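Here the structure is a predicted model, which is why all the values come from computation and not from measurement. Sequence positions, counted from 1, serve as the residue numbers for this chain.
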Amino acid sequence: MFFQCGLGHLLGLDVHDMENLGEQYVGYTDTLKKRTDFGFRSLRLGRALEEGMVLTVEPGIYFIPELIDLRKKEGKFQELIDYEELEKYRDFGGIRVEDVFLITSNGAQILGNRLPTSATEIEEFMISYKRL
């Protein structure tokens, strides 16, 4: 409900922009098929990673008032969501951090500068950014 665009995608020849040609061809394999159930239907990449692949990892959260209102009216996810508390974030919009990784033989290597992710790091970044 709060993150509809998946957690990442491949870059390069199999970039996610090819999804309209058939996401099943770029993000999945013959043995690992796209799922359509809640929590999985928005994933764009569900395949085993291989050395040399480059992909994004982009956690985020989005607050969409129309969607919140709809789910609240339907009575959905009440055991998971405090809709009264959620009202505080109604006008926030959203945020996403997108890092790019190269898959290596022994793990992964971040490409480019590491982005700030903790609240303290983001606040420090914003303070230094305002000074520019």
Does the salt bridge (charged side-chain N to carboxylate O under 4.0 Å, His left out) test come out yes or no for R90 and D69, once each step is laid out? CA-CA 10 Å; R90 183 176 191 83; D69 293 344; 2.7 Å; yes
Applying side-chain contact (heavy atoms from CB on, under 4.5 Å) to L55 and L49, what does each step give before you reach the verdict? CA-CA 9 Å; L55 67 141; L49 301 178; 4.1 Å; yes
I would like to know whether R114 and E121 meet side-chain contact (heavy atoms from CB on, under 4.5 Å); could you show each step before the answer? CA-CA 11 Å; R114 186 184 158 286; E121 290 173 328; 3.3 Å; yes
Rounding to 0.5 Å, atoms CZ (F2) and CG (L86) come to a distance of 4.5 Å
Say you draw a straight line from CD of E87 to CG of D82; how long is it, rounded to the nearest 0.5 Å? 10.0 Å
Should F77 and I64 be regarded as members of a common hydrophobic cluster, given that ILVMFWY residues are connected when their side-chain heavy atoms come within less than 4.5 Å of each other, either directly or indirectly? yes
Can you sort out the partners of I95 under side-chain contact (heavy atoms from CB on, under 4.5 Å), two or more places apart, ordered by chain and number? I61, F92
Would you please test T120 and F125 for side-chain contact (heavy atoms from CB on, under 4.5 Å) and show each step? CA-CA 9 Å; T120 301; F125 173 80; over 6 Å; no
Student check: side-chain heavy atoms of T56 and L11 closer than 4.5 Å: yes
From D37 CG over to K34 NZ, what is the distance, rounded to the nearest 0.5 angstrom? 10.0 Å
Heavy-atom closest pair, residues K72 and Q78: O-NE2, 4.4 Å
Set of side-chain contact (heavy atoms from CB on, under 4.5 Å) partners for E74, sequence neighbours left out: L70, R71, K76
Centre-to-centre under 6.0 Å for F63 and Y89, is that the case here? yes
Which donor-acceptor pairs under 3.5 Å do side chains of residues 99-110 form with protein atoms, sequence neighbours excluded?
unit_1	atom_1	unit_2	atom_2	d
T104	OG1	N106	N	3.4
T104	OG1	N106	OD1	3.0
T104	OG1	G107	N	3.2
T104	OG1	G107	O	3.2

